[in-house]
Amino acid sequence: TERLRAFRFRPGSPRVLAPLFQVISGRVVALDIEDPWCGARRQNRVRLAEFLGMVEATGVEIERLNVTWNPDHNDRESSSEQAASMREEILSAGISVKPEITPRTARGRHFHDRIVTARTIDDGSPLRARWDVTAGIDNLMSYTKECSVFLEASEA
């Protein structure tokens, strides 16, 4: 628990993400996002792109990006349509890295937790960080929602 930090976002509070990503600011990272809802609907994809833009605005350089979501949360768009839309939203937010988009359903395996992990891939000392986002990226990025984020960082 010494390496664990908690960040609380209340409804109406500004979404200042710099303190969350201070641990990797100025670093080049491989970023993995696992959120069953982040790509399922247009609004979720917009918030995902906003999130990534804010991460980069904190001084983090994303060199590799993998996004995992559950396409079964949308019965009007196919998995490939959702993935294409996710790529478009990410690109429109000014994120230059081409994301790997990985669909994963809940069938046969639990997929509920929302986790963001980063691994530094630059010449600095190796570092790993994990953010557990209690209500998902869409709620983290919404001023009207409540969300908590728990950060654990360690040398890799």
Side-chain angles (χ1 to χ4, degrees), residues 4-25 27 29-119 128-153:
L4 188 65
R5 292 190 57 201
F7 301 86
R8 312 275 185 204
F9 297 91
R10 303 283 180 232
S13 70
R15 296 325 204 219
V16 178
L17 301 188
L20 281 146
F21 295 99
Q22 182 178 10
V23 68
I24 57 171
S25 182
R27 303 293 304 268
V29 302
L31 193 70
D32 289 295
I33 299 172
E34 295 181 19
D35 182 329
W37 289 93
C38 72
R41 297 188 177 112
R42 184 178 185 286
Q43 180 176 323
N44 302 84
R45 297 186 284 259
V46 167
R47 295 245 167 88
L48 171 65
E50 290 172 356
F51 171 78
L52 290 166
M54 289 184 81
V55 171
E56 283 197 338
T58 68
V60 176
E61 183 181 336
I62 303 170
E63 187 170 297
R64 294 185 206 138
L65 173 61
N66 184 57
V67 179
T68 304
W69 93 109
N70 185 345
D72 290 349
H73 290 309
N74 184 330
D75 57 1
R76 287 175 274 164
E77 292 178 313
S78 70
S79 175
S80 59
E81 290 171 320
Q82 292 173 56
S85 179
M86 213 179 321
R87 283 188 185 94
E88 288 174 21
E89 287 296 340
I90 290 169
L91 182 63
S92 73
I95 308 303
S96 59
V97 66
K98 183 179 177 182
E100 293 282 328
I101 306 290
T102 309
R104 183 171 82 199
T105 64
R107 288 180 225 131
R109 153 176 182 188
H110 181 72
F111 185 28
H112 175 75
D113 294 344
R114 283 86 165 187
I115 301 165
V116 176
T117 57
R119 178 179 46 85
R128 286 188 178 276
R130 173 184 166 130
W131 296 265
D132 289 276
V133 185
T134 62
I137 290 171
D138 52 324
N139 284 351
L140 172 62
M141 298 307 296
S142 174
Y143 292 99
T144 63
K145 306 289 183 176
E146 184 170 337
C147 184
S148 295
V149 179
F150 299 95
L151 164 62
E152 185 175 9

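Only heavy atoms go into these numbers, but all of them, side chains included; no hydrogens, no water, no symmetry mates.
- Heavy atoms only, all atoms of each residue included: Ala135 and Cys147 are closest at N-SG, 3.8 Å.
- For the atom pair CE (Met54) and CG (Leu140), the distance works out to 8.0 Å, reported to the nearest 0.5 Å.
- Inspection of the Arg8 and Ser148 side chains reveals an N or O donor paired with an N or O acceptor under 3.5 Å.
- Evaluated for a side-chain contact (heavy atoms from CB on, under 4.5 Å) with Met141, the options Leu48, Leu17, Val46 yield exactly one hit, Leu17.
- Nearest heavy-atom pair across Leu20 and Phe9 is CD1-CZ, 3.6 Å.
- Between Val16 and Phe7, every side-chain heavy-atom pair lies at or beyond the 4.5 Å cut-off.
- Ser25 places a side-chain N or O within 3.5 Å of a backbone atom of Thr58 that can act as its donor or acceptor partner.
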message = What verdict does the side chain to side chain contact (heavy atoms under 4.5 Å, CB included) test give for Ile95 and Glu56, after you've listed the backbone C-alpha separation in whole Å, the side-chain angles of each residue and the deciding distance to 0.1 Å?
response = CA-CA 8 Å; Ile95 308 303; Glu56 283 197 338; 3.4 Å; yes
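- Contact annotation: the side chain of Thr117 never approaches that of Arg128 to less than 4.5 Å [non-hydrogen atoms, C-beta and beyond].
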task = Report the C-alpha distance between Arg64 and Arg119 in whole Å, list the side-chain angles of each, state the deciding distance to 0.1 Å, and finish with yes or no for side chain to side chain contact (heavy atoms under 4.5 Å, CB included).
result = CA-CA 10 Å; Arg64 294 185 206 138; Arg119 178 179 46 85; 3.6 Å; yes
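- Here the side chains of Val133 and Asp35 are not in contact, with every heavy-atom distance at 4.5 Å or above.
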Verdict with supporting geometry, Ile115 and Arg130, side chain to side chain contact (heavy atoms under 4.5 Å, CB included) = CA-CA 7 Å; Ile115 301 165; Arg130 173 184 166 130; 3.2 Å; yes
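- With rounding to the nearest 0.5 Å, the separation of CD1 in Ile101 from OG1 in Thr68 is 8.5 Å.
- Distance check, rounded to the nearest 0.5 Å: OG of Ser96 to CD of Glu61 gives 7.5 Å.
- For the pair Val29/Val60, a side-chain contact is recorded, criterion being any heavy-atom separation below 4.5 Å from C-beta on.
- Annotation: Arg87, atom CZ; neighbour count of heavy atoms from other residues, nucleotides and ligands within 6.0 Å is above 12.
- Residues Trp37 and Ile137 are not in side-chain contact: their nearest non-hydrogen atoms beyond the backbone lie 4.5 Å or more apart.
- Side-chain atoms of Arg45 come within 3.5 Å of backbone N or O of Gly39 as a donor-acceptor pair.
- Under 4.0 Å is where a charged nitrogen must lie from a carboxylate oxygen, and between Arg42 and Glu89 at least one such pair does.
- No more than 12 heavy atoms of other residues, nucleotides or ligands lie within 6.0 Å of CD in Gln22, so this atom counts as exposed by the packing criterion.
- Nearest heavy-atom pair, Ala40 versus Asn74, reported as atom, atom and distance to 0.1 Å: O-ND2, 2.6 Å.
- Judged purely by atom type and a 3.5 angstrom limit, Arg41 uses its side chain to pair as donor or acceptor with the backbone of His73.
- Trp69 approaches Cys38 most closely through the heavy-atom pair CB-SG, 3.9 Å.
- Separation of atoms NZ (Lys98) and CD1 (Ile90) is listed at 12.0 Å; rounding is to 0.5 Å.
- Checking side-chain atoms of Gln82 against main-chain N and O of Glu77 turns up a donor-acceptor pair under 3.5 Å.
- Among pairs with a residue in residues 39-66, those fulfilling ring-ring contact (aromatic ring centres under 6.0 Å, His included) read Phe21-Phe51, at least two apart in sequence or across chains.
- The two residues Arg10 and Arg15 make their nearest non-hydrogen contact at O-NH1, 3.1 Å.
- Under a cut-off of 6.0 angstrom, the local environment of CD in Glu100 is sparse, with at most 12 non-hydrogen atoms contributed by other residues, nucleotides or ligands.
- Looking at Val97 and Leu31, their side chains never come closer than 4.5 Å, going by heavy atoms from C-beta outward.
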